[in-house]
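Any value given below was found using the heavy atoms of this structure, including those in side chains, with hydrogens, waters and symmetry copies removed. Bear in mind the structure is a predicted one, so any value in this text is a computation, not a measurement.
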Amino acid sequence: MDAQQEKLRRYAEYKNLEIAGEYCDAGKSGKSIKGRPAFQQMMEDVASQKDEISYVLVFKLSRFGRNAADVLKSLQLLLDYEVDLISVDDAIDSSTQGGRLTLAILSAVAEIERENITVQFLSGKMQKLKEGGWPGGPIPYGYRKEEDGLVQYPSEVEIVKLIFDMYLQDGMLATTIVRYLNDNGFTRVVKGKVSPFKYDFVTTVLDNPAYCGKIFYNRRTNSKDMKKQNREVIEIQGSHEPIISVEQWEQVQQKRKANSVRNKKVDEPDRVSILWGLVKCPVCGVGMIASKNKQINKNHGGYYKTLHYYSCGNARKQNGMTCKFRHTYNQEKVDSAVLEMIGKLFTVPSFKKETAKWFQGKDSVEDLMEQLKQYRKQLYHQEQQKRRLGEILDNLDILADDYDEIYDRTQAEIDGVYDEMERLENLITQTKRKLDSAEQGSKAIKQVENLIQNIPEFFKEMTCEEKRKMYQLLIDKIEMYPEETPDGRIVKSISFKIPVFYEDWEPRKEMTAEEVITYTLDTSEVGITSAEAKTTYVELKQYILDKYGAKVSSLYIAQIKRKYGIDMGENYNKPDDPNKRVPKCPRAKEEMIIEALKHFRMLELDVKMVI
C-alpha cells in the first residue's frame with residue numbers, strides 16, 4: 001500500500017498536480033464499493049465539488065473497483081462533474097482518446113446491471129405470487145385489496161355469482177346477461193359514478209380465473225414477447241377466498257370456447273375495421289365500434305354487398321344504451337377520407353408551422369447532456385442509499401424485540417429505492433433517445449415528412465391489421481360531424497400523435513410527450529375529400545330531375561360511372577342471363593349524368609364526354 005501511494009505522489013509531482021486528498025481503504029476488497037468508506041467519502045467529495053477536484057488517481061483500475069458495473073457508474077459520476085480518472089499502472093487516462101476508448105469498452109457491461117435492477121424489482125412480486133398473494137394489477141370486481149390480500153365485497157360477489165350461474169343456463173349468452181342485469185336495475189360503480197353493465201365487463205368476469213381461487217401471471221403477455229424474454233405463464237393457487245368452484249369455472253370456459261368457435265368470422269375473416277376506437281361518437285365521445293349490414297338478394301339469390309359501418313357502442317342495448325346517437329358512418333367512406341387527408345397533411349400551412357415549432361422548441365444538445373448528467377447523479381445517490389439500507393439489514397439483531405418492525409420498514413424503503421432507480425433508468429434511456437433525435441436535427445423532420453407522404457403507398461401493400469396498427473401509432477382520435485354537412489363532410493377533425501423517429505428507433509406502446517408531434521387537423525383546411533364528395537344514386541337522380549326535369553335510372557348512372565373510371569367495386573346486380581341485352585344510356589342523359597357527377601365533385605371539371 002505504501003509503495004502504491006508513493007508512486008501516485010511521484011506521478012502527481014511529475015504532472016504538476018496538487019494533491020487535494022488521499023483516500024485509502026486498507027485491507028478492503030475492491031469487489032464492491034460496499035464496505036469501502038474512504039472510497040465512498042471520495043465520491044461524496046466529488047459530488048459536493050469539494051476542492052475543485054480535476055483528477056482521481058488510482059494505482060490500478062482494480063483498486064478503483066473490480067465490479068465492472070460499479071466502476072462504470074462511479075466513473076460516469078466523475079465525468080459528469082468533469083473529473084477525469086487516471087490509472088497510473090494501466091496507463092489509462094479518461095482525458096485522452098485512448099483512455100476513453102478503453103473505458104468505453106467497460107460500458108458494455110452497463111446493460112447487465114440494468115437488467116439486474118429489473119430482476120430485483122420483480123423479485124418482490126414473484127415472492128408474493130409464490131405465497132399465493134395478489135402480485136399487483138387491477139383488483140378483480142367482487143374483491144377489495146387489504147393488508148392480508150384480497151377480501152370479498154359482498155354486494156359485488158352476488159353479481160359475480162349471478163353472472164356465472166346465468167351463463168351456464170341453456171341458450172344463455174354474455175349479451176343476454178348484460179340485458180338482464182340492466183333491465184332489472186343492477187348497477188356498478190366505475191370511478192365513483194354509477195354505470196350500467198356492459199358486454200366487455202361480463203366477458204372479463206367470465207374469463208378471470210381469480211374467481212375460482214387461481215392466480216395466473218403473464219397470462220395476458222404477448223406470446224412473442226414471452227418467448228423472447230424466456231418467460232412462461234405461472235399458475236398458482238391464491239390465498240384469497242374463491243367466489244365460484246373450479247368445476248363451475250371449467251364448465252364456463254368450455255362454453256366460452258365453444259361459443260368463440262361458433263362466432264368465428266366466416267365472411268372476410270382477414271378484414272379488420274382499421275379505425276375502430278379512433279373514430280369518436282360526436283355525442284358521448286366513446287370510441288366507435290364496427291357493425292355491418294348484410295342483406296339477402298330476394299330477386300337473384302345470395303346476398304347484396306355487405307356494408308360496414310362505425311357505430312356508437314354505448315347506443316347498443318348490450319352496453320346499457322347510455323347514448324342516444326343512432327347514426328352510423330360508412331367505413332369505406334370514412335377510411336378513404338382519412339387516408340386522403342393524411343396524404344395532404346404536409347400541404348397544410350398550420351401543420352408545417354407546428355412541426356417546425358416542435359423541432360425548434362426541443363432541448364438543445366447541451367441541455368440534454370446536462371439533464372443526462374443530473375439523472376446519473378441522482379441514480380448514483382440512489383445506489384448509495386440502496387447500499388446504506390442493505391447495511392442496515394445486514395447489521396440487524398435478529399433477536400431484538402423490534403427486529404420485524406425495523407426489517408419491514410427498511411425493506412419497504414429498499415423497494416422504494418428500486419422504484420426510483422427504475423424511474424431514473426427510464427429517464428436516462430428517454431433522454432439518450434431525445435439526444436439522438438436532437439443531434440440528427442433536420443434529418444428527423446425529413447423522416448417524418450417521408451412517413452406521412454408515403455402512407456398511401458404503404459397501404460397498398462399492407463393487411464388490414466397492419467393498417468390498423470399504423471393508424472394507432474399516428475392518430476389519437478377522429479372527431480365526426482353528427483350529420484353530414486351541406487357540402488358532404490363527415491370528418492370534423494383528426495388529432496395526430498406523430499412519432500419522431502431515428503436510427504434503431506422502434507415504436508412503443510407508451511411514448512413521452514417529447515417523442516411525438518401532437519397536432520389537430522381542422523379538416524376544412526384540406527378541402528373536401530373525394531370520398532366525402534361521393535354521393536348516392538338517389539341524390540344524383542334528384543339533382544338531374546330538379547335541373548333538367550328528366551328521370552334517369554340507376555343502371556344508366558352505373559354505366560357512366562364505370563365508363564369514366566369512377567370506382568364501383570364489384571357488380572352485385574348482374575343479369576341472370578349473360579346474353580341478355582342491357583339498355584345503353586342515351587347520349588343526352590349521359591351529358592346530364594356527367595354534369596351531375598361534376599357537381600358532386602366525383603369527376604374533374606375538365607373531363608370531356610367520350611363518344
Side-chain angles (χ1 to χ4, degrees), residues 274-275 304-305 307-308 329-349 351 452-461 467 480-481 483-492 494 521-575 578 580-611:
I274 59 178
L275 294 175
Y304 288 108
K305 177 183 178 181
L307 300 178
H308 296 270
Y329 300 94
N330 183 284
Q331 282 191 22
E332 184 178 352
K333 191 171 185 177
V334 176
D335 295 350
S336 299
V338 169
L339 181 60
E340 187 175 334
M341 290 175 190
I342 290 177
K344 295 178 179 178
L345 202 51
F346 262 91
T347 67
V348 180
F351 176 71
I452 296 300
Q453 292 182 335
N454 286 300
I455 281 178
E457 290 301 316
F458 295 157
F459 270 32
K460 293 178 181 178
E461 308 297 328
K467 292 176 183 177
M480 308 296 291
Y481 285 107
E483 295 180 359
E484 189 174 295
T485 63
D487 61 352
R489 295 182 191 277
I490 54 174
V491 180
K492 185 177 182 180
I494 305 176
L521 171 69
D522 181 344
T523 58
S524 63
E525 294 189 70
V526 294
I528 190 169
T529 62
S530 59
E532 292 172 305
K534 288 183 179 179
T535 191
T536 64
Y537 283 81
V538 173
E539 291 171 321
L540 286 168
K541 290 179 184 179
Q542 189 62 47
Y543 176 82
I544 293 171
L545 181 62
D546 292 342
K547 183 166 185 176
Y548 300 104
K551 293 183 178 181
V552 295
S553 67
S554 297
L555 175 63
Y556 287 165
I557 294 175
Q559 285 180 359
I560 304 308
K561 288 174 74 175
R562 290 186 185 279
K563 181 176 179 179
Y564 290 89
I566 298 175
D567 183 24
M568 294 283 292
E570 185 177 348
N571 187 355
Y572 284 81
N573 294 293
K574 296 177 181 178
K580 185 176 180 179
R581 181 180 174 276
V582 178
K584 186 177 180 181
C585 179
R587 181 181 176 84
K589 290 192 174 181
E590 181 176 348
E591 291 179 349
M592 298 177 191
I593 295 171
I594 290 174
E595 198 282 324
L597 293 173
K598 289 180 179 180
H599 172 78
F600 287 105
R601 305 186 187 184
M602 296 176 71
L603 275 180
E604 297 294 334
L605 296 177
D606 58 354
V607 171
K608 304 296 183 182
M609 192 171 81
V610 178
I611 300 177

Rounded distance [0.5 Å steps], [atom1] in [X] versus [atom2] in [Y]:
X: Tyr564; Y: Lys598; atom1: OH; atom2: NZ; answer: 8.5 Å
X: Asn330; Y: His308; atom1: CG; atom2: NE2; answer: 9.5 Å
X: Thr485; Y: Lys492; atom1: OG1; atom2: NZ; answer: 11.5 Å
X: Met592; Y: Leu545; atom1: CE; atom2: CG; answer: 10.5 Å
X: Gln559; Y: Ile593; atom1: CD; atom2: CD1; answer: 8.0 Å
X: Ile557; Y: Ile594; atom1: CD1; atom2: CD1; answer: 12.5 Å

Write down the atom of [X], the atom of [Y], and the distance for their closest heavy-atom approach.
X: Gly343; Y: Pro456; result: CA-CG, 4.2 Å
X: Ile274; Y: Lys467; result: CG2-CB, 3.8 Å
X: Met341; Y: Thr523; result: SD-CG2, 3.5 Å
X: Glu590; Y: Val610; result: OE2-O, 3.7 Å
X: Val552; Y: Lys589; result: CG1-CD, 3.8 Å
X: Leu339; Y: Phe459; result: CD1-CD2, 3.7 Å

Side chain to side chain contact (heavy atoms under 4.5 Å, CB included) partners for Pro349, two or more places apart: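 Testing Pro349 for side chain to side chain contact (heavy atoms under 4.5 Å, CB included), a comparison that skips the adjacent residues, returns none.
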
Donor-acceptor pair between Ser554 and Lys541 side chains, under 3.5 angstrom: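 Side-chain D/A pair, Ser554 to Lys541: present.
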
Worked check of side chain to side chain contact (heavy atoms under 4.5 Å, CB included) between Glu525 and Phe351: CA-CA 10 Å; Glu525 294 189 70; Phe351 176 71; over 6 Å; no

Which residues share a ring-ring contact (aromatic ring centres under 6.0 Å, His included) with Tyr543, sequence neighbours left out: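 Applying ring-ring contact (aromatic ring centres under 6.0 Å, His included) to Tyr543 gives His599, Phe600.
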
Results of salt bridge (Lys or Arg N to Asp or Glu O under 4.0 Å) for Glu457 - residues two or more places apart only: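 Counting only residues at least two positions away or on another chain, Glu457 forms a salt bridge (Lys or Arg N to Asp or Glu O under 4.0 Å) with Lys460.
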
Glu340 backbone acceptor or donor facing Thr529 side chain under 3.5 Å: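 Not at all, since once roles are kept as given, no pair shorter than 3.5 Å links the two residues.
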
